[in-house]
Student: 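So that we are looking at the same thing, I have put the structure below in structure tokens.
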Amino acid sequence: MPIDLSELGIDGIFGDLLEVLGIRSGQRGHVQRQIEVSFEEAAFGCTKTITYERVAECDACGGSGAAPGSRPRRCAECDGRGRVRSEQGFLPFAVDRSCPRCHGTGRLVDVPCQSCGGVGLRSGPHRVEVEIPGGIESGTSRRVDGAGNVVRLPGRGRRAGDLEVVVEVKPHPFFRRSGDHVLCSLPISFAQAVLGAEVEIPTLDGKGFLRVPAGTQPGTVLRVRGKGLPRRLRGGRGDQLVEIQLEVPTELNERQRQLVAELAEELGQAVQPQQRTFMDKLRDLFE
Ligand SMILES: [Zn+2]
Ligand SMILES: [Zn+2]
């Protein structure tokens, strides 16, 4: 039963040679890169161009490794197959392994290409466009077939690995995400909360409006339908959920202070529903 050493992912001297040239051939050419997208780009999808270092066939020699004007010749040791069979003294079977003379390529280069040192591969910048689908979550990855490093797969010639693009979604200063919904907080004034108001809010689509009903309590969550993220499976969009916060004015002039004091006095006798439940709860605690 011959064991194919090359199937163990050992690239032998050829691999070492690549490494000397600053080329890593490991993991079957798989390349991973990270990109950052904005919250909006992640929500609606986008196309991103990324540039990265990649090992590909050398332009100067067309991947042959031979200097222009010369050609590689067939390796006599393995008859161009790239593999030789050898009996190992300590193993009870024959071992099929990479040809040590041509490093498994089946070809020998007499005059190496200056550009790649005879390897036929070179590292250089590469650009690809990556489609980011709408609704993508941070940490998800996209795969671009054949955009990884070109590596020599033992016995199977050269092949380009894949590029894995890990998408990081930048945090938004105003929005957070919860499934298909977009969450945000909105500070409103005491007067707006009491009297009700139509307030301007940011949405994923730009400026939007939210009707705050009179008597809205802080902590209330108002729903703006259809302003969330696109639903990838069901279609349509999630909602924008707006948590109302109360903005308490801190710098009042004398007249304003007077008016608030008067209002407080006026409201003194009235017990608000929220206060009543709070007092009830407090009472329950001590009973
Ligand atoms: Zn070359
Ligand atoms: Zn050979």
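Bear in mind the structure is a predicted one, so any value in this text is a computation, not a measurement. Atoms within each ligand, like the ligands themselves, are counted from 1 in listed order. Reckoned from all heavy atoms, side chains included, excluding hydrogens, waters and symmetry mates.
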Student: Please give me the protein atoms (N, O or S only) lying under 2.8 Å from the Zn ion (ligand 1), ordered by chain and number.
Tutor: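 Checking every protein N, O and S atom gives C58 SG, C61 SG, C113 SG, C116 SG.
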Student: Does some side-chain heavy atom of K48 sit less than 4.5 Å from a side-chain heavy atom of V37?
Tutor: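 Yes, their side chains come closer than 4.5 Å.
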Student: Under a 3.5 Å distance rule, please check whether R33 uses its side chain to pair with a backbone N or O of V165 as donor and acceptor.
Tutor: no
Student: Do E168 and T140 touch side chain to side chain, with heavy atoms closer than 4.5 Å?
Tutor: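 A side-chain contact under 4.5 Å is absent here.
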Student: Is the closest side-chain donor-acceptor distance between Q240 and T203 under 3.5 Å?
Tutor: no
Student: To the nearest 10 degrees, how large is the angle at the Zn ion (ligand 2) between C75 SG and C78 SG?
Tutor: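 If I round to 10°, I get 110°.
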Student: If we count only N and O atoms by modelled type, under 3.5 Å, do the side chains of E164 and S141 hold a donor and an acceptor together?
Tutor: yes
Student: Shortest non-hydrogen contact from D145 to D162?
Tutor: CA-OD1, 3.3 Å
